[in-house]
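Everything below concerns the one structure shown next.
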Protein chains: 2
Amino acid sequence: MGDSPKDGGPVAPRKPFRNEGEETRRAALIAATLDCIGEGGLQAATVRAIARRAGVTQGLIRHYFPSKDHLIEVAYQALMDRLTEDSQAALAHAGDPCRRLGAFVRAVLGAHATDPALLAAWAGFVGALHRAPRLRAIHAANYLGFREQLDALIGAALADAGRAADAPTLRRHGIAATAVLDGLWLEGGLLPEAFEPSEIAELGLRAVAALLGLDLASEGSLT
Amino acid sequence: MGDSPKDGGPVAPRKPFRNEGEETRRAALIAATLDCIGEGGLQAATVRAIARRAGVTQGLIRHYFPSKDHLIEVAYQALMDRLTEDSQAALAHAGDPCRRLGAFVRAVLGAHATDPALLAAWAGFVGALHRAPRLRAIHAANYLGFREQLDALIGAALADAGRAADAPTLRRHGIAATAVLDGLWLEGGLLPEAFEPSEIAELGLRAVAALLGLDLASEGSLT
DNA sequence: AACCAAATTATACAGTTGCACAAAATCCGG
DNA sequence: CCGGATTTTGTGCAACTGTATAATTTGGTT
(Lines give C-alpha, C1' and ligand atoms only; values in the text may rest on other atoms or scores of the structure.)
Protein backbone atom coordinates (compact mmCIF):
# COMPACT_ATOMS: atom_id res chain seq x y z
CA MET A 1 0.00 0.00 0.00
CA GLY A 2 1.41 3.31 -1.08
CA ASP A 3 4.60 2.31 -2.79
CA SER A 4 3.89 4.14 -6.00
CA PRO A 5 3.36 7.89 -6.20
CA LYS A 6 -0.03 9.49 -6.48
CA ASP A 7 -1.83 9.45 -9.78
CA GLY A 8 -5.40 10.68 -10.03
CA GLY A 9 -6.70 12.63 -7.07
CA PRO A 10 -5.18 16.05 -6.53
CA VAL A 11 -5.20 15.59 -2.74
CA ALA A 12 -3.19 13.07 -0.74
CA PRO A 13 -5.43 11.73 2.05
CA ARG A 14 -2.95 10.37 4.54
CA LYS A 15 -3.99 7.25 6.36
CA PRO A 16 -5.18 8.01 9.87
CA PHE A 17 -3.60 5.98 12.65
CA ARG A 18 -3.57 5.55 16.40
CA ASN A 19 -0.53 5.42 18.57
CA GLU A 20 -0.61 1.83 19.84
CA GLY A 21 1.93 0.73 22.38
CA GLU A 22 5.20 -0.76 21.31
CA GLU A 23 4.34 -4.23 22.61
CA THR A 24 1.01 -4.22 20.82
CA ARG A 25 2.59 -3.31 17.52
CA ARG A 26 5.44 -5.79 17.87
CA ALA A 27 2.97 -8.56 18.67
CA ALA A 28 0.79 -7.59 15.72
CA LEU A 29 3.75 -7.59 13.36
CA ILE A 30 4.93 -10.97 14.63
CA ALA A 31 1.47 -12.45 14.27
CA ALA A 32 1.17 -11.02 10.77
CA THR A 33 4.52 -12.51 9.87
CA LEU A 34 3.48 -15.96 11.05
CA ASP A 35 0.22 -15.63 9.17
CA CYS A 36 2.01 -14.73 5.97
CA ILE A 37 4.49 -17.59 6.26
CA GLY A 38 1.73 -19.99 7.18
CA GLU A 39 -0.22 -19.00 4.12
CA GLY A 40 2.39 -18.55 1.44
CA GLY A 41 5.72 -19.72 2.75
CA LEU A 42 8.73 -17.64 3.61
CA GLN A 43 8.76 -16.07 0.18
CA ALA A 44 5.32 -14.62 0.77
CA ALA A 45 6.41 -12.92 3.96
CA THR A 46 7.53 -9.66 2.37
CA VAL A 47 7.64 -6.48 4.38
CA ARG A 48 4.72 -5.12 2.40
CA ALA A 49 2.56 -8.21 2.89
CA ILE A 50 3.34 -8.31 6.60
CA ALA A 51 2.59 -4.63 7.05
CA ARG A 52 -0.67 -4.87 5.13
CA ARG A 53 -1.80 -7.82 7.25
CA ALA A 54 -0.87 -6.01 10.43
CA GLY A 55 -2.83 -2.97 9.31
CA VAL A 56 0.15 -0.65 9.12
CA THR A 57 2.48 0.60 6.42
CA GLN A 58 5.78 -1.04 5.69
CA GLY A 59 7.91 1.69 7.16
CA LEU A 60 6.77 0.76 10.64
CA ILE A 61 8.49 -2.58 10.49
CA ARG A 62 11.89 -0.96 10.37
CA HIS A 63 10.85 1.20 13.30
CA TYR A 64 10.37 -1.83 15.55
CA PHE A 65 12.83 -4.30 14.04
CA PRO A 66 16.35 -3.56 12.83
CA SER A 67 15.78 -5.67 9.73
CA LYS A 68 13.33 -8.04 8.18
CA ASP A 69 15.58 -10.97 9.03
CA HIS A 70 15.42 -9.97 12.67
CA LEU A 71 11.64 -9.98 12.51
CA ILE A 72 11.72 -13.42 10.94
CA GLU A 73 13.90 -14.72 13.76
CA VAL A 74 11.68 -13.25 16.45
CA ALA A 75 8.64 -14.70 14.72
CA TYR A 76 10.24 -18.14 14.62
CA GLN A 77 10.95 -18.03 18.33
CA ALA A 78 7.39 -16.85 18.94
CA LEU A 79 6.04 -19.79 16.95
CA MET A 80 8.15 -22.19 18.98
CA ASP A 81 7.01 -20.57 22.20
CA ARG A 82 3.42 -21.01 21.16
CA LEU A 83 3.94 -24.68 20.39
CA THR A 84 5.68 -25.46 23.66
CA GLU A 85 3.19 -23.45 25.69
CA ASP A 86 0.35 -25.46 24.27
CA SER A 87 1.92 -28.80 25.03
CA GLN A 88 2.95 -27.75 28.51
CA ALA A 89 -0.52 -26.52 29.34
CA ALA A 90 -1.74 -30.06 28.79
CA LEU A 91 0.38 -31.20 31.72
CA ALA A 92 -1.41 -28.96 34.20
CA HIS A 93 -4.14 -31.35 35.30
CA ALA A 94 -2.44 -34.73 35.31
CA GLY A 95 -0.95 -36.58 38.22
CA ASP A 96 0.05 -40.07 37.19
CA PRO A 97 3.37 -40.00 35.25
CA CYS A 98 1.97 -42.24 32.52
CA ARG A 99 -1.08 -40.04 32.22
CA ARG A 100 1.17 -37.00 32.01
CA LEU A 101 3.17 -38.55 29.20
CA GLY A 102 -0.01 -39.53 27.41
CA ALA A 103 -1.47 -36.06 27.78
CA PHE A 104 1.73 -34.58 26.38
CA VAL A 105 1.68 -36.83 23.34
CA ARG A 106 -1.96 -36.08 22.73
CA ALA A 107 -1.34 -32.35 23.04
CA VAL A 108 1.54 -32.42 20.58
CA LEU A 109 -0.30 -34.45 17.99
CA GLY A 110 -3.85 -33.33 18.59
CA ALA A 111 -4.11 -29.59 18.77
CA HIS A 112 -1.12 -28.91 16.56
CA ALA A 113 -1.54 -31.49 13.88
CA THR A 114 -5.02 -30.18 13.18
CA ASP A 115 -3.79 -26.65 12.57
CA PRO A 116 -2.26 -26.69 9.09
CA ALA A 117 -1.21 -23.05 9.34
CA LEU A 118 1.14 -23.83 12.21
CA LEU A 119 2.79 -26.67 10.36
CA ALA A 120 2.99 -24.61 7.19
CA ALA A 121 4.72 -21.82 9.07
CA TRP A 122 7.08 -24.29 10.71
CA ALA A 123 7.89 -25.85 7.35
CA GLY A 124 8.60 -22.43 5.93
CA PHE A 125 11.15 -21.80 8.64
CA VAL A 126 12.71 -25.24 8.34
CA GLY A 127 13.33 -24.59 4.67
CA ALA A 128 15.56 -21.68 5.64
CA LEU A 129 17.32 -23.17 8.65
CA HIS A 130 20.57 -24.13 6.96
CA ARG A 131 21.41 -20.70 5.62
CA ALA A 132 20.45 -18.63 8.65
CA PRO A 133 22.76 -19.27 11.62
CA ARG A 134 20.48 -17.42 14.03
CA LEU A 135 17.50 -19.48 12.95
CA ARG A 136 19.60 -22.60 13.41
CA ALA A 137 20.44 -21.56 16.95
CA ILE A 138 16.78 -20.98 17.73
CA HIS A 139 15.92 -24.35 16.27
CA ALA A 140 18.65 -26.11 18.24
CA ALA A 141 17.57 -24.55 21.52
CA ASN A 142 13.93 -25.39 21.01
CA TYR A 143 14.55 -28.91 19.74
CA LEU A 144 16.79 -29.75 22.67
CA GLY A 145 14.34 -28.13 25.07
CA PHE A 146 11.53 -30.24 23.68
CA ARG A 147 13.61 -33.37 24.05
CA GLU A 148 14.55 -32.55 27.63
CA GLN A 149 10.90 -32.11 28.41
CA LEU A 150 10.12 -35.46 26.86
CA ASP A 151 13.09 -37.08 28.58
CA ALA A 152 11.76 -35.97 31.96
CA LEU A 153 8.28 -37.29 31.23
CA ILE A 154 9.64 -40.60 29.98
CA GLY A 155 11.98 -40.97 32.90
CA ALA A 156 9.16 -40.39 35.34
CA ALA A 157 6.86 -42.81 33.57
CA LEU A 158 9.51 -45.55 33.48
CA ALA A 159 10.41 -45.00 37.12
CA ASP A 160 6.75 -45.16 38.04
CA ALA A 161 6.56 -48.52 36.30
CA GLY A 162 9.50 -49.75 38.32
CA ARG A 163 11.87 -49.63 35.36
CA ALA A 164 14.16 -46.72 36.11
CA ALA A 165 16.51 -46.14 33.16
CA ASP A 166 20.08 -44.85 33.07
CA ALA A 167 21.05 -41.72 31.16
CA PRO A 168 22.06 -43.30 27.82
CA THR A 169 18.88 -45.34 27.67
CA LEU A 170 16.83 -42.29 28.51
CA ARG A 171 18.60 -40.34 25.80
CA ARG A 172 17.82 -43.00 23.22
CA HIS A 173 14.20 -43.13 24.27
CA GLY A 174 13.93 -39.35 24.13
CA ILE A 175 15.42 -39.10 20.65
CA ALA A 176 13.24 -41.89 19.29
CA ALA A 177 10.07 -40.55 20.88
CA THR A 178 10.80 -37.07 19.60
CA ALA A 179 11.32 -38.53 16.16
CA VAL A 180 7.97 -40.32 16.21
CA LEU A 181 6.17 -37.22 17.34
CA ASP A 182 7.91 -35.02 14.78
CA GLY A 183 7.34 -37.54 12.05
CA LEU A 184 3.68 -38.06 12.84
CA TRP A 185 3.16 -34.33 13.13
CA LEU A 186 4.72 -33.92 9.70
CA GLU A 187 2.77 -36.75 8.14
CA GLY A 188 -0.54 -35.55 9.50
CA GLY A 189 0.09 -31.93 8.71
CA LEU A 190 1.45 -32.38 5.21
CA LEU A 191 -1.12 -34.93 4.15
CA PRO A 192 -4.16 -34.48 6.39
CA GLU A 193 -6.50 -36.13 3.90
CA ALA A 194 -4.63 -39.40 4.29
CA PHE A 195 -5.61 -39.89 7.94
CA GLU A 196 -8.69 -40.01 10.10
CA PRO A 197 -9.22 -37.07 12.45
CA SER A 198 -7.72 -38.51 15.61
CA GLU A 199 -5.72 -41.26 13.97
CA ILE A 200 -2.40 -39.47 14.26
CA ALA A 201 -2.74 -38.88 17.99
CA GLU A 202 -3.83 -42.46 18.63
CA LEU A 203 -0.92 -43.74 16.61
CA GLY A 204 1.47 -41.52 18.50
CA LEU A 205 0.24 -42.91 21.79
CA ARG A 206 0.61 -46.47 20.61
CA ALA A 207 4.03 -45.82 19.09
CA VAL A 208 5.48 -44.15 22.16
CA ALA A 209 4.05 -46.93 24.30
CA ALA A 210 5.70 -49.54 22.07
CA LEU A 211 9.00 -47.69 22.07
CA LEU A 212 9.09 -47.59 25.86
CA GLY A 213 7.42 -50.89 26.56
CA LEU A 214 4.71 -49.12 28.55
CA ASP A 215 0.93 -49.20 28.38
CA LEU A 216 -0.29 -45.68 27.72
CA ALA A 217 -3.35 -46.25 25.59
CA SER A 218 -5.46 -47.95 28.20
CA GLU A 219 -5.45 -45.04 30.58
CA GLY A 220 -8.07 -42.61 29.40
CA SER A 221 -7.64 -43.03 25.68
CA LEU A 222 -10.97 -41.41 24.93
CA THR A 223 -10.57 -38.12 26.71
CA MET B 1 26.05 -12.70 -16.03
CA GLY B 2 24.88 -10.59 -18.91
CA ASP B 3 21.76 -8.94 -17.59
CA SER B 4 23.09 -5.42 -17.82
CA PRO B 5 24.38 -3.87 -21.03
CA LYS B 6 28.04 -3.68 -21.90
CA ASP B 7 30.19 -0.99 -20.37
CA GLY B 8 33.90 -0.93 -21.09
CA GLY B 9 35.02 -2.97 -24.06
CA PRO B 10 33.85 -1.85 -27.48
CA VAL B 11 33.39 -5.44 -28.64
CA ALA B 12 30.83 -7.93 -27.35
CA PRO B 13 32.56 -11.32 -27.13
CA ARG B 14 29.65 -13.70 -27.17
CA LYS B 15 29.97 -16.76 -25.00
CA PRO B 16 30.83 -19.84 -27.05
CA PHE B 17 28.63 -22.88 -26.53
CA ARG B 18 28.06 -26.39 -27.72
CA ASN B 19 24.79 -27.88 -28.75
CA GLU B 20 24.20 -30.45 -26.05
CA GLY B 21 21.25 -32.74 -26.37
CA GLU B 22 17.93 -31.83 -24.85
CA GLU B 23 18.15 -34.55 -22.20
CA THR B 24 21.63 -33.48 -21.17
CA ARG B 25 20.59 -29.89 -20.74
CA ARG B 26 17.40 -30.74 -18.87
CA ALA B 27 19.33 -32.98 -16.51
CA ALA B 28 21.97 -30.31 -15.96
CA LEU B 29 19.34 -27.69 -15.21
CA ILE B 30 17.54 -30.01 -12.79
CA ALA B 31 20.77 -30.86 -11.01
CA ALA B 32 21.67 -27.18 -10.81
CA THR B 33 18.26 -26.41 -9.37
CA LEU B 34 18.66 -29.04 -6.64
CA ASP B 35 22.14 -27.75 -5.87
CA CYS B 36 20.86 -24.21 -5.51
CA ILE B 37 17.99 -25.22 -3.25
CA GLY B 38 20.24 -27.45 -1.21
CA GLU B 39 22.65 -24.62 -0.67
CA GLY B 40 20.46 -21.61 -0.17
CA GLY B 41 16.86 -22.72 0.04
CA LEU B 42 14.10 -22.16 -2.46
CA GLN B 43 14.70 -18.43 -2.45
CA ALA B 44 18.22 -18.96 -3.72
CA ALA B 45 17.02 -20.96 -6.70
CA THR B 46 16.58 -18.03 -9.07
CA VAL B 47 16.69 -18.52 -12.79
CA ARG B 48 20.00 -16.69 -12.94
CA ALA B 49 21.61 -18.73 -10.16
CA ILE B 50 20.41 -21.98 -11.69
CA ALA B 51 21.64 -21.03 -15.14
CA ARG B 52 25.03 -19.94 -13.84
CA ARG B 53 25.47 -23.23 -11.97
CA ALA B 54 24.43 -25.20 -15.03
CA GLY B 55 26.93 -23.28 -17.13
CA VAL B 56 24.35 -21.69 -19.40
CA THR B 57 22.57 -18.37 -19.58
CA GLN B 58 19.17 -17.80 -18.11
CA GLY B 59 17.30 -17.66 -21.36
CA LEU B 60 17.87 -21.36 -21.90
CA ILE B 61 15.73 -22.28 -18.95
CA ARG B 62 12.63 -20.96 -20.63
CA HIS B 63 13.61 -22.89 -23.73
CA TYR B 64 13.40 -26.20 -21.92
CA PHE B 65 10.81 -25.47 -19.24
CA PRO B 66 7.60 -23.51 -19.68
CA SER B 67 8.22 -21.68 -16.42
CA LYS B 68 10.47 -21.66 -13.42
CA ASP B 69 7.72 -23.24 -11.31
CA HIS B 70 7.62 -26.14 -13.74
CA LEU B 71 11.35 -26.62 -13.34
CA ILE B 72 10.96 -26.59 -9.57
CA GLU B 73 8.32 -29.31 -9.76
CA VAL B 74 10.41 -31.49 -12.04
CA ALA B 75 13.40 -31.01 -9.73
CA TYR B 76 11.33 -32.04 -6.72
CA GLN B 77 10.26 -35.24 -8.42
CA ALA B 78 13.87 -35.87 -9.43
CA LEU B 79 14.98 -35.45 -5.82
CA MET B 80 12.36 -37.93 -4.66
CA ASP B 81 13.37 -40.38 -7.34
CA ARG B 82 16.96 -40.16 -6.19
CA LEU B 83 16.01 -40.81 -2.58
CA THR B 84 13.85 -43.83 -3.36
CA GLU B 85 16.39 -45.25 -5.78
CA ASP B 86 19.05 -45.14 -3.11
CA SER B 87 16.96 -46.90 -0.52
CA GLN B 88 15.76 -49.52 -2.97
CA ALA B 89 19.28 -50.27 -4.10
CA ALA B 90 20.06 -51.33 -0.54
CA LEU B 91 17.52 -54.15 -0.89
CA ALA B 92 19.37 -55.78 -3.76
CA HIS B 93 21.63 -58.11 -1.78
CA ALA B 94 19.48 -59.20 1.13
CA GLY B 95 17.50 -62.37 1.51
CA ASP B 96 16.09 -62.65 4.99
CA PRO B 97 13.02 -60.39 5.40
CA CYS B 98 14.33 -59.01 8.68
CA ARG B 99 17.68 -58.30 7.09
CA ARG B 100 15.91 -56.59 4.21
CA LEU B 101 13.99 -54.34 6.58
CA GLY B 102 17.15 -53.58 8.48
CA ALA B 103 19.04 -52.76 5.31
CA PHE B 104 16.25 -50.45 4.25
CA VAL B 105 16.26 -48.58 7.54
CA ARG B 106 20.01 -48.26 7.45
CA ALA B 107 19.90 -46.98 3.88
CA VAL B 108 17.30 -44.37 4.68
CA LEU B 109 19.07 -43.08 7.77
CA GLY B 110 22.66 -43.68 6.81
CA ALA B 111 23.43 -42.40 3.37
CA HIS B 112 20.80 -39.68 3.38
CA ALA B 113 21.15 -38.35 6.87
CA THR B 114 24.82 -37.73 6.26
CA ASP B 115 24.16 -35.64 3.18
CA PRO B 116 22.99 -32.29 4.49
CA ALA B 117 22.42 -30.93 1.00
CA LEU B 118 19.72 -33.51 0.33
CA LEU B 119 17.88 -32.69 3.52
CA ALA B 120 18.29 -28.98 2.90
CA ALA B 121 16.80 -29.35 -0.56
CA TRP B 122 13.97 -31.46 0.80
CA ALA B 123 13.28 -28.91 3.51
CA GLY B 124 13.22 -26.16 0.94
CA PHE B 125 10.53 -27.98 -0.98
CA VAL B 126 8.52 -28.84 2.11
CA GLY B 127 8.39 -25.17 2.98
CA ALA B 128 6.54 -24.55 -0.27
CA LEU B 129 4.27 -27.60 -0.32
CA HIS B 130 1.12 -25.97 0.96
CA ARG B 131 0.91 -23.26 -1.67
CA ALA B 132 1.84 -25.33 -4.72
CA PRO B 133 -0.83 -27.91 -5.56
CA ARG B 134 1.43 -29.69 -8.02
CA LEU B 135 4.18 -30.00 -5.45
CA ARG B 136 1.62 -31.33 -3.00
CA ALA B 137 0.59 -33.99 -5.46
CA ILE B 138 4.20 -35.02 -5.97
CA HIS B 139 4.71 -35.17 -2.24
CA ALA B 140 1.58 -37.25 -1.70
CA ALA B 141 2.53 -39.76 -4.36
CA ASN B 142 6.05 -40.19 -3.05
CA TYR B 143 5.08 -40.34 0.60
CA LEU B 144 2.46 -42.99 -0.03
CA GLY B 145 4.86 -44.88 -2.24
CA PHE B 146 7.46 -44.87 0.49
CA ARG B 147 4.94 -46.14 2.99
CA GLU B 148 3.79 -48.92 0.70
CA GLN B 149 7.37 -50.00 0.31
CA LEU B 150 7.80 -50.01 4.07
CA ASP B 151 4.49 -51.80 4.56
CA ALA B 152 5.63 -54.60 2.31
CA LEU B 153 8.93 -54.97 4.12
CA ILE B 154 7.25 -54.94 7.52
CA GLY B 155 4.61 -57.42 6.44
CA ALA B 156 7.24 -59.80 5.18
CA ALA B 157 9.33 -59.48 8.31
CA LEU B 158 6.34 -60.09 10.58
CA ALA B 159 5.17 -63.05 8.52
CA ASP B 160 8.67 -64.47 8.62
CA ALA B 161 8.55 -64.23 12.41
CA GLY B 162 5.28 -66.15 12.43
CA ARG B 163 3.25 -63.07 13.32
CA ALA B 164 1.34 -62.25 10.18
CA ALA B 165 -0.62 -59.02 10.62
CA ASP B 166 -3.94 -57.91 9.17
CA ALA B 167 -4.27 -54.82 7.01
CA PRO B 168 -5.17 -52.25 9.71
CA THR B 169 -2.31 -53.38 11.90
CA LEU B 170 0.07 -53.24 8.98
CA ARG B 171 -1.14 -49.75 8.16
CA ARG B 172 -0.50 -48.58 11.69
CA HIS B 173 2.95 -50.10 11.72
CA GLY B 174 3.77 -48.54 8.38
CA ILE B 175 2.67 -45.07 9.44
CA ALA B 176 4.54 -45.26 12.72
CA ALA B 177 7.70 -46.63 11.15
CA THR B 178 7.60 -43.98 8.43
CA ALA B 179 7.21 -41.36 11.14
CA VAL B 180 10.25 -42.60 13.06
CA LEU B 181 12.37 -42.65 9.93
CA ASP B 182 11.20 -39.22 8.84
CA GLY B 183 11.66 -37.82 12.31
CA LEU B 184 15.12 -39.27 12.79
CA TRP B 185 16.14 -38.14 9.34
CA LEU B 186 14.98 -34.65 10.23
CA GLU B 187 16.64 -34.63 13.61
CA GLY B 188 19.93 -35.87 12.28
CA GLY B 189 19.91 -33.62 9.27
CA LEU B 190 18.84 -30.43 10.98
CA LEU B 191 21.11 -30.85 13.97
CA PRO B 192 23.95 -33.14 12.93
CA GLU B 193 26.25 -31.87 15.69
CA ALA B 194 23.89 -33.24 18.31
CA PHE B 195 24.44 -36.90 17.35
CA GLU B 196 27.27 -39.34 16.88
CA PRO B 197 27.99 -40.38 13.29
CA SER B 198 26.02 -43.61 13.14
CA GLU B 199 23.80 -42.93 16.12
CA ILE B 200 20.77 -42.00 14.06
CA ALA B 201 20.84 -45.19 12.01
CA GLU B 202 21.34 -47.33 15.11
CA LEU B 203 18.47 -45.60 16.84
CA GLY B 204 16.26 -46.09 13.82
CA LEU B 205 16.95 -49.78 13.83
CA ARG B 206 16.19 -50.07 17.53
CA ALA B 207 13.07 -47.95 17.25
CA VAL B 208 11.59 -49.86 14.33
CA ALA B 209 12.38 -53.10 16.12
CA ALA B 210 10.61 -51.87 19.24
CA LEU B 211 7.62 -50.67 17.24
CA LEU B 212 7.18 -54.04 15.60
CA GLY B 213 8.29 -56.22 18.46
CA LEU B 214 11.03 -57.72 16.31
CA ASP B 215 14.75 -58.12 16.80
CA LEU B 216 16.54 -56.33 14.00
CA ALA B 217 19.65 -55.02 15.69
CA SER B 218 21.24 -58.37 16.33
CA GLU B 219 21.44 -59.33 12.69
CA GLY B 220 24.50 -57.63 11.29
CA SER B 221 24.37 -54.38 13.16
CA LEU B 222 27.95 -53.52 12.35
CA THR B 223 27.89 -53.74 8.58
C1' DA C 1 -2.88 26.02 23.54
C1' DA C 2 1.55 25.54 22.31
C1' DC C 3 5.19 22.50 22.09
C1' DC C 4 8.10 18.35 21.68
C1' DA C 5 9.21 13.47 21.46
C1' DA C 6 7.64 9.38 19.66
C1' DA C 7 4.96 6.92 16.35
C1' DT C 8 3.38 6.40 11.75
C1' DT C 9 2.96 7.33 6.91
C1' DA C 10 4.63 8.12 2.39
C1' DT C 11 7.96 8.19 -1.03
C1' DA C 12 12.37 7.23 -3.15
C1' DC C 13 15.98 4.12 -4.56
C1' DA C 14 19.08 0.54 -5.98
C1' DG C 15 19.11 -4.26 -6.62
C1' DT C 16 16.78 -8.49 -7.98
C1' DT C 17 13.36 -11.45 -10.13
C1' DG C 18 10.79 -14.01 -13.82
C1' DC C 19 9.83 -13.49 -18.37
C1' DA C 20 9.87 -11.99 -23.49
C1' DC C 21 12.19 -11.51 -27.65
C1' DA C 22 15.58 -10.60 -31.16
C1' DA C 23 20.20 -11.70 -32.60
C1' DA C 24 23.77 -14.91 -33.03
C1' DA C 25 25.98 -19.47 -32.90
C1' DT C 26 25.71 -24.27 -33.79
C1' DC C 27 24.38 -28.38 -35.98
C1' DC C 28 23.19 -31.36 -39.76
C1' DG C 29 21.60 -33.11 -44.24
C1' DG C 30 22.23 -32.16 -48.98
C1' DC D 1 30.31 -25.80 -48.10
C1' DC D 2 25.66 -24.14 -48.02
C1' DG D 3 21.09 -23.41 -46.08
C1' DG D 4 17.58 -24.00 -42.99
C1' DA D 5 16.15 -25.54 -38.39
C1' DT D 6 17.31 -25.58 -33.71
C1' DT D 7 19.86 -24.26 -29.82
C1' DT D 8 21.87 -20.65 -27.15
C1' DT D 9 22.98 -16.09 -26.00
C1' DG D 10 22.29 -11.22 -24.97
C1' DT D 11 19.39 -7.60 -23.61
C1' DG D 12 15.36 -5.23 -22.18
C1' DC D 13 11.37 -4.73 -19.10
C1' DA D 14 7.84 -4.35 -15.65
C1' DA D 15 7.05 -5.83 -11.18
C1' DC D 16 8.74 -6.62 -6.72
C1' DT D 17 12.08 -6.52 -2.68
C1' DG D 18 14.46 -4.59 1.44
C1' DT D 19 16.03 -0.46 3.07
C1' DA D 20 16.55 4.62 3.89
C1' DT D 21 14.59 8.85 4.98
C1' DA D 22 11.71 12.92 4.90
C1' DA D 23 7.06 14.46 6.01
C1' DT D 24 3.23 14.14 8.86
C1' DT D 25 0.34 12.83 12.66
C1' DT D 26 -0.45 11.61 17.38
C1' DG D 27 -0.34 12.02 22.46
C1' DG D 28 0.95 13.83 26.39
C1' DT D 29 3.12 17.81 29.31
C1' DT D 30 3.25 22.11 30.69
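First the proteins, then the strands, lettered A, B, ... as listed; each starts at 1. Just so it is clear, the values below take in all heavy atoms, side chains as well, and ignore hydrogens, waters and symmetry mates. Keep in mind that this is a model prediction, so the values were computed, not measured.
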First locate atom [atom1] of [X], then atom [atom2] of [Y], and finally report the distance between them rounded to the nearest 0.5 Å.
X	Y	atom1	atom2	result
A:Ile50	A:Thr33	CD1	OG1	3.5 Å
A:Arg25	A:Arg18	CZ	CZ	8.0 Å
B:Leu119	B:Leu186	CG	CG	6.0 Å

A:Glu22/A:Arg26 salt bridge by N-O under 4.0 Å criterion:
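The answer is yes: the pair qualifies as a salt bridge.
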Answer yes or no: is there an ion pair linking B:Arg136 with B:Glu73, defined by an N-O contact shorter than 4.0 Å?
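Judged by the 4.0 Å cut-off on N to carboxylate O distance, B:Arg136 and B:Glu73 do not form a salt bridge.
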Tell me the interatomic distance from [X], atom [atom1], to [N], atom [atom2], rounded to whole angstroms.
X	N	atom1	atom2	answer
A:Gln43	C:dT16	CD	P	17 Å
B:Leu29	C:dG18	CG	P	14 Å
B:Arg48	D:dC16	CZ	C1'	13 Å
B:Glu22	D:dA5	CD	P	19 Å
A:Gln58	D:dG18	CD	C1'	8 Å
B:Glu23	D:dT6	CD	C1'	16 Å
A:Arg52	D:dG18	CZ	C1'	15 Å

Quick check: do A:Arg134 and A:His139 have side-chain heavy atoms less than 4.5 Å from each other?
no
Side-chain contact, heavy-atom cut-off 4.5 Å: B:Leu71 with B:Val47?
no
Reckon A:Arg25 has a side-chain N or O less than 4.0 Å from the OP1 or OP2 of C:dT8?
yes
Quick one, give me the B/S/- string for nucleotides 24-30 of chain C, reading 5' to 3', where B means a protein heavy atom under 4.0 Å from the base and S means that only happens at the primed atoms, P, OP1 or OP2.
BBSS---
Which pairs count as ring pair (Phe, Tyr, Trp, His ring centres under 6.0 Å) when at least one residue sits in residues 37-71 of chain A, sequence neighbours excluded?
none
Please list residues of residues 59-73 of chain B whose heavy atoms come under 4.0 Å from any atom in DNA chain C, ordered by number; otherwise none.
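When residues 59-73 of chain B is checked for heavy atoms under 4.0 Å from DNA chain C, the hits, listed by number, are B:Arg62, B:Ser67, B:Lys68.
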Test side-chain contact (heavy atoms from CB on, under 4.5 Å) on B:Phe125 and B:Met80 and set out the steps.
CA-CA 11 Å; B:Phe125 284 113; B:Met80 290 315 213; over 6 Å; no
